[in-house]
Amino acid sequence: MAVNPLVEIRDYSLRLGKFKLQPINLMINEGEIFGVLGKTGSGKTVLLESIAGFYRGCSGQIWIQGQDIAEVPLEKRGIGFVYQDFGLFPHMTVADNIGYGLRMQRKEKQTIKDEVNRMAEILAISPILKQYPGTLSGGERQRTAIARALVLNPRILLLDEPFSSLDPATKETMYRQVKEIHQLFGCTILFVTHDFKEAQTMADRIGIMIKGELKSIRRSEELFIRDSDEEVNRFLGLSDRV
């Protein structure tokens, strides 16, 4: 794994209604798989969306490859985002969903077709290219959403609870597939989850979020080591351990 920082978050905070994302300081290395672990409402998705540059009126800075994300146009940020519900366009076929970003970039039709077919082959969804999202399984929808993000060759792939709606067998398959994608494309992956096993299975490092605060960052194999913060220990189920 590379040790060059790709994402640098410096004293970043944000208020959304009654929720406040406490000042975050975090560096994510190029080529890393970083997991953000926390309960529902802890601010995991807000942090992910902040890295994508979705918010204004925030404090602090988020830098990607030395550039303030707020100063980079959306189409030039090099970020792929896959939401928990996958966000596919129901009126478009799988092929049209995958090629959507390329069409927005006004790529030539043959280029779009070639890239869509290439991504479909990599993600093993070539047989369903003419189908619509409503006819797909959870795993097929997820692979389609990932293909749509990856076809733009992002530097960073952001995954919001990417496996939560999948059955256990499909989850295991997708764990392997995302790791294969990581090796093949060399992109940095940041994902959020509430699943301890998932975080340990997928991530190189894990950040623990509690009530809008990034409480602890540790390597995945050290997830269940006691912390000096008792709130972290309670979250990890370690408060009664010696």
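All values below were derived from every heavy atom in this structure, side-chain atoms included, with hydrogens, water molecules and symmetry-related copies excluded.
Side chains of Thr144 and Asn97: no donor on one and acceptor on the other come within 3.5 Å. The closest side-chain donor-acceptor pair between Glu49 and Tyr83 falls under 3.5 angstrom. Residues Tyr12 and Ser50 have side chains that bring a donor and an acceptor to within less than 3.5 angstrom of each other. Gln110 and Asp114 share a side-chain donor-acceptor pair at under 3.5 Å. Thr188 and Glu32 share no side-chain donor-acceptor pair at under 3.5 Å.
Each of Ile189, Ile28, Ile64 was scored for a side-chain contact (heavy atoms from CB on, under 4.5 Å) with Ile156, with one residue passing: Ile64.
Using a 4.5 Å cut-off between side-chain heavy atoms of Ile, Leu, Val, Met, Phe, Trp and Tyr, with links allowed through other members, Tyr100 and Tyr132 fall into different hydrophobic clusters. There is no path of hydrophobic side-chain contacts, each under 4.5 Å, that joins Phe185 to Leu6. Linking ILVMFWY residues whenever their side-chain heavy atoms come closer than 4.5 Å, directly or via other members, leaves Met92 and Ile112 in distinct clusters. Under the 4.5 Å side-chain heavy-atom criterion for ILVMFWY residues, a single connected hydrophobic cluster contains both Tyr55 and Val7. Linking ILVMFWY side-chain heavy atoms closer than 4.5 Å, directly or via other members, places Leu184 and Tyr175 in a single hydrophobic cluster.
Comment: Glu213 does not engage Lys211 in a salt bridge, judged by the lack of any side-chain N to carboxylate O separation of less than 4.0 angstrom. A salt bridge links Glu161 with Lys44: the closest approach of a Lys/Arg side-chain nitrogen to an acidic carboxylate oxygen falls below 4.0 angstrom. Note on Arg10 versus Glu8: salt bridge recorded, some NZ/NE/NH1/NH2 to OD/OE distance being below 4.0 Å. With salt bridges taken as basic N to acidic carboxylate O contacts below 4.0 Å, none links Glu222 and Arg226.
Applying the 6.0 Å contact sphere to CD of Glu172 captures more than 12 heavy atoms from other residues, nucleotides or ligands. By the neighbour-count criterion of 12 heavy atoms within 6.0 Å, atom NZ of Lys215 is densely surrounded, having more than that number from other residues, nucleotides or ligands. Heavy-atom neighbours of Glu221 CD from other residues, nucleotides or ligands within 6.0 Å: above the threshold of 12.
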- Step by step, would you call Val192 with Met209 a side chain to side chain contact (heavy atoms under 4.5 Å, CB included)? CA-CA 10 Å; Val192 304; Met209 286 202 72; over 6 Å; no

- Item | side chain to side chain contact (heavy atoms under 4.5 Å, CB included) between Leu190 and Val36, worked out | CA-CA 8 Å; Leu190 175 61; Val36 181; 3.8 Å; yes

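Proximity of Leu223 to Leu236: side-chain heavy atoms (C-beta onward) are separated by under 4.5 Å at one or more points. With contacts defined as side-chain heavy-atom distances shorter than 4.5 Å, the pair Ile79/Ile69 qualifies.
A distance below 6.0 Å separates the ring centres of Phe196 and Phe235. Annotation: Phe81 is in aromatic contact with Phe54 [ring centroid separation under 6.0 Å].
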